[in-house]
Protein chains: 2
Amino acid sequence: MRVTAHDVALAAGVSRSAVSRAFSPEASIESRKRAHILAVAESLGYRPNLIARGLTGRGSGLIAVVVGNVSSPYEAWFLDVLAEAIRAEGLLPLLLPVSPGQELEPALDHALAYQVDGAVIAAGSVSRKLAERCSAMGAPVVVVGRVIEDGADSVCCDNRAGMALVVERLVAAGRRRVAWIGGYADTFSNIERLEGLTTGLSAAGLKLVDSRRGNYSVEGGLAQALTLLTGPEPVDAIVCGNDAMAIGALSAAQRLGRRVPGELSVTGFDDIPAASWEAYSLTTVRNPVETTVREALALLSARIAGEDGPPQVVRLAPELKLRRTL
Amino acid sequence: MRVTAHDVALAAGVSRSAVSRAFSPEASIESRKRAHILAVAESLGYRPNLIARGLTGRGSGLIAVVVGNVSSPYEAWFLDVLAEAIRAEGLLPLLLPVSPGQELEPALDHALAYQVDGAVIAAGSVSRKLAERCSAMGAPVVVVGRVIEDGADSVCCDNRAGMALVVERLVAAGRRRVAWIGGYADTFSNIERLEGLTTGLSAAGLKLVDSRRGNYSVEGGLAQALTLLTGPEPVDAIVCGNDAMAIGALSAAQRLGRRVPGELSVTGFDDIPAASWEAYSLTTVRNPVETTVREALALLSARIAGEDGPPQVVRLAPELKLRRTL
DNA sequence: ACAGTGATTGCACGCGTGTGCAATCCTTGG
DNA sequence: CCAAGGATTGCACACGCGTGCAATCACTGT
C-alpha cells in the first residue's frame, strides 16, 4: 500500500537507518550510498512520513492560523500574505476559521492536538490564560491585531497614531462635524481607533457629533451611514473603523446625492485593495500587513527556537493614504 | 512536559489501554470508569495526540486545500465557505497557496507527506497523472473549477451555460458590438467562458469585436478596457471573464465618461460580494460556490469512505444576476 | 605489518496511540 | 452453589520514523 522507509531499505539492500539518514542532510552517511538510496526512493515514490517524523519530538512543522471571516477583504489580504510567508519558512499553515462570536478555544484545541509548533491568532477573543495554556503545551502564540498585556507576544499597528493622522488632515480640511462608524464594540482595534479619534478631536477643540456601530461590514456601514445622513444632526465627515464600512458609507452618500469630498468626507482604515479602486479612491490609513506578518513570524520563530523572556509587543506605524474622499 | 495517555493512566490507576478506550466512543469500557478517566484527563489537561493517532492508520483528519491568490475576492470567498465546511466535518484544512505560475506539485507533495485524507484543488494546473499519483498515495482528489477528463472527480459550474445567459440578455438589450476581456489564456474556465460567449453570439448572427486578456485582476480589467474604449473599434458591451476585471472595466468607463448601461454594458462572472456593492451593481453570473463546496466535499467523503468507481463530474447550473450594468 | 583513528553502519529503543487476543471479572440462569 | 456466558481489562504488538550506542569498516602514519 503505502511505501515506507522499510520498503526502500529492502529494495536498496541497506538498513532502514540508512534510509532515514539519507534524508537527513547532516547525518553521517557515505555520499555514494545516499545517492543510491535517494534514487531507489525516488523510483518507488517514497517520501518520508512527516506525521511519523513529528512524533519523535522535533516539531510537527505545522502552524495554526486563526482568522475570522476569510471572505472579508482585510482578513483575506492578511491571510494571503501570512500563508505565503509560512510556506516560505518550510512550514504548513493549518487554517482555523473562527467567525466573530464563535468560540476560539475548541478550534485551538483541535490544532493543539496536532502538536502545532506555533499559532498565529488574528481573530477570536484570546485571554491571557488561553495564551499561557498554549505555551504550556509547547506551542508559542503570537497575537496579531491586538495586544494582550503581559500575556503573549503580539504585533499590531498603532491604531491611535493612525487615527491621529486622519484627524490632523480632517481638521486641516476644515471639517467640524465628525461622525464615527465603528466595528464590534468590545474589539481591541475598535476601541483604540475610536480613542485615537476622540483624543485627536478634543485636542482640536472638537467632539464627535455621532457614533455608531457597523460591524465592520459593507452592509453595516451602508445602513448606519444612511440613517446617520438622513438624521437630524448635520455631518461633514464620517470616519469609519475599517475600509469595508467606509465603502458602505460611500454608497450611502452616493445614494443620497452627497458630494464627496465636497460636502462630506469619508475615511477608512486598513487600505484593502478595494480602497484604491477608482469608484471609491478611499482616503484611508494603511495597515502595514506585510511588516506585521514578517514581525509576527520572526517572533514566533524565535520562540519556537526556544528563546525565553517576557512577552514582546511590536507596534507598527501606519501611514495615511490620501486619495479622493478627504 | 507534554502530558500523554501514560500519565493519565498512572494518575487514574488504570492501564493505558483503558485511557485510549475512554476516548473511543464505541470501545468497550465500563461507563463509570470512563467517566473517571475523562475527569482525570481533564484535570491534567490531556488531549489525545492526533498525530500519533494518525500513525495507526485511520487517517490523519487533514484535508489539503490548494488555492490561488487568497486575496483575490473570488478565491477568498470560496476558501471561506470551503474551510468552514471542512471544519464542520470535523476535519482540518491544510492551506496550500499556489500563485498562478507556481508549481502545484511541490506543494502537494508537502501535503501528501502529512498523510492528508484528501485534497481539494482549486488552483494550479493538475494533470491526470498528478491526480492519479495522489489517489495512489491514498489521498483522493477533487478538482474544483475545472474538469480533468476521466482523471479525477471534479465539480465546476457550467461556464458555457452561464455565458449563454449573458448573451441572451445582451442580444435582448440590442447590443451588437461586443468585446471580451478574459483571464489567463490557457485556463479551463477562461476557455469555456469565451467559448460560451462566441457560440452564443454566432447563434445570434454576431461575432466578437475585440478580445483581450486582463489576467483576472481589477488592474488588468481597467488597463484593457481603457485601451479598448479609446481604440478605433466602437464597442457597446464588454463581457468580462470574472467580476474583478468587470470592476476594472467599470472604472475605465467612468474615467472616460461612458454611461453604463446607457452607451456601454459591462458584465462579470462569479458574483463576488463586491459585485453587489452599490458603486458597481454589476450584472453578472452567479457562481454557485456554496453548492460547489457541498458537492466537492460529498465526493471527497465518499472516496475517503472507500467508494470506488470512475471519476465523477458534477456540473452546476449558474444563474444570471441582473443588476444595473446591463 | 600493525595499531590507532575517524567515518559508517546496524541494532534496538522510543515517540503516543489503537487494537487483537487471551485472561479475568461479574452476572445470570439453573 | 456452580457453571456458562458475556462484558472488561491488560498485555503486547504495530504504526513509520529518528537516533544513541557499540560494532565495524577503511584508512593513515610509523
Side-chain angles (χ1 to χ4, degrees), chain A residues 1-38 40-41 44-62 109-110 112-117 137-139, chain B residues 1-38 40-41 44-62 109-110 112-117 137-139:
Chain A
M1 167 90 76
R2 163 86 185 160
V3 38
T4 77
H6 181 73
D7 305 329
V8 177
L10 241 54
V14 298
S15 78
R16 202 186 50 70
S17 314
V19 177
S20 176
R21 285 193 244 267
F23 281 88
S24 322
E26 311 87 3
S28 158
I29 184 173
E30 191 193 352
S31 66
R32 223 176 58 83
K33 183 176 239 175
R34 161 176 284 148
H36 176 226
I37 293 177
L38 289 181
V40 172
L44 289 181
Y46 168 75
R47 310 226 111 234
N49 182 332
L50 291 184
I51 291 244
R53 177 179 294 180
L55 205 45
T56 70
R58 272 231 308 264
S60 60
L62 300 174
D109 271 349
H110 198 174
L112 285 172
Y114 279 98
Q115 314 294 104
V116 292
D117 293 341
M137 289 237 181
Chain B
M1 167 91 74
R2 164 86 185 158
V3 38
T4 76
H6 181 73
D7 305 328
V8 177
L10 240 53
V14 298
S15 77
R16 202 186 51 70
S17 314
V19 177
S20 176
R21 286 192 244 265
F23 281 88
S24 320
E26 310 88 4
S28 159
I29 183 174
E30 191 195 353
S31 67
R32 224 177 57 83
K33 184 176 235 176
R34 161 174 285 148
H36 177 225
I37 293 178
L38 289 180
V40 172
L44 289 181
Y46 167 77
R47 308 227 114 232
N49 182 333
L50 291 184
I51 291 247
R53 176 179 294 180
L55 202 47
T56 69
R58 272 229 310 262
S60 61
L62 300 174
D109 271 348
H110 198 172
L112 284 173
Y114 279 97
Q115 314 295 103
V116 292
D117 293 339
M137 289 236 181

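Residue numbering restarts at 1 for every chain, and letters A, B, ... go by the order of the sequence lines. Model, not experiment: these values are computed from the prediction.
Remark: the backbone N or O of Arg21(B) is paired with a side-chain donor or acceptor of Arg34(B) at under 3.5 angstrom.
In terms of the side-chain hydrogen bond (donor to acceptor under 3.5 Å, both in side chains) criterion, Asp7(A) has no residue partners (sequence neighbours excluded). For Leu44(B), the side-chain contact (heavy atoms from CB on, under 4.5 Å) partners at least two apart in sequence or on another chain are Val3(B), Val8(B), Ala11(B), Val40(B). In this structure, the side-chain contact (heavy atoms from CB on, under 4.5 Å) partners of Ser15(B), at least two apart in sequence or on a different chain, are Ser17(B), Ala18(B).
Considering only heavy atoms from C-beta on, Lys33(B) comes within 4.5 Å of Val14(B) through its side chain. In this structure, His110(A) and Leu50(B) have side chains that are in contact, with non-hydrogen atoms separated by less than 4.5 Å.
For the atom pair CD (Gln115(A)) and CZ (Arg2(B)), the distance works out to 4.0 Å, reported to the nearest 0.5 Å.
When all heavy atoms of Pro25(B) and Phe23(B) are compared, the closest pair comes out as CD-O, 3.5 Å. Nearest heavy-atom pair, Ser60(A) versus Ile51(B), reported as atom, atom and distance to 0.1 Å: CB-CD1, 4.2 Å.
Here the two rings, on Tyr114(B) and Tyr114(A), have centers that are 6.0 Å apart or farther.
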- Task: Produce a footprint string for nucleotides 16-22 of chain D: one letter per nucleotide, 5' end first; B if the base is under 4.0 Å from any protein heavy atom, S if only the sugar-phosphate is, - if neither.
- Result: BBBBB--
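Rounded to a whole Å, the CD atom of Glu26(B) is 17 Å from the C1' atom of dT8(D).
Helix-axis bend for the helix from dA1(C)-dT30(D) to dG30(C)-dC1(D): the local axis fitted to the five terminal pairs at one end deviates from that at the other end by 40°, rounded to 10°.
Contacts between residues 28-36 of chain A and DNA chain C, defined by a heavy-atom separation below 4.0 Å, involve Ser28(A), Ile29(A), Glu30(A), Lys33(A), listed by number.
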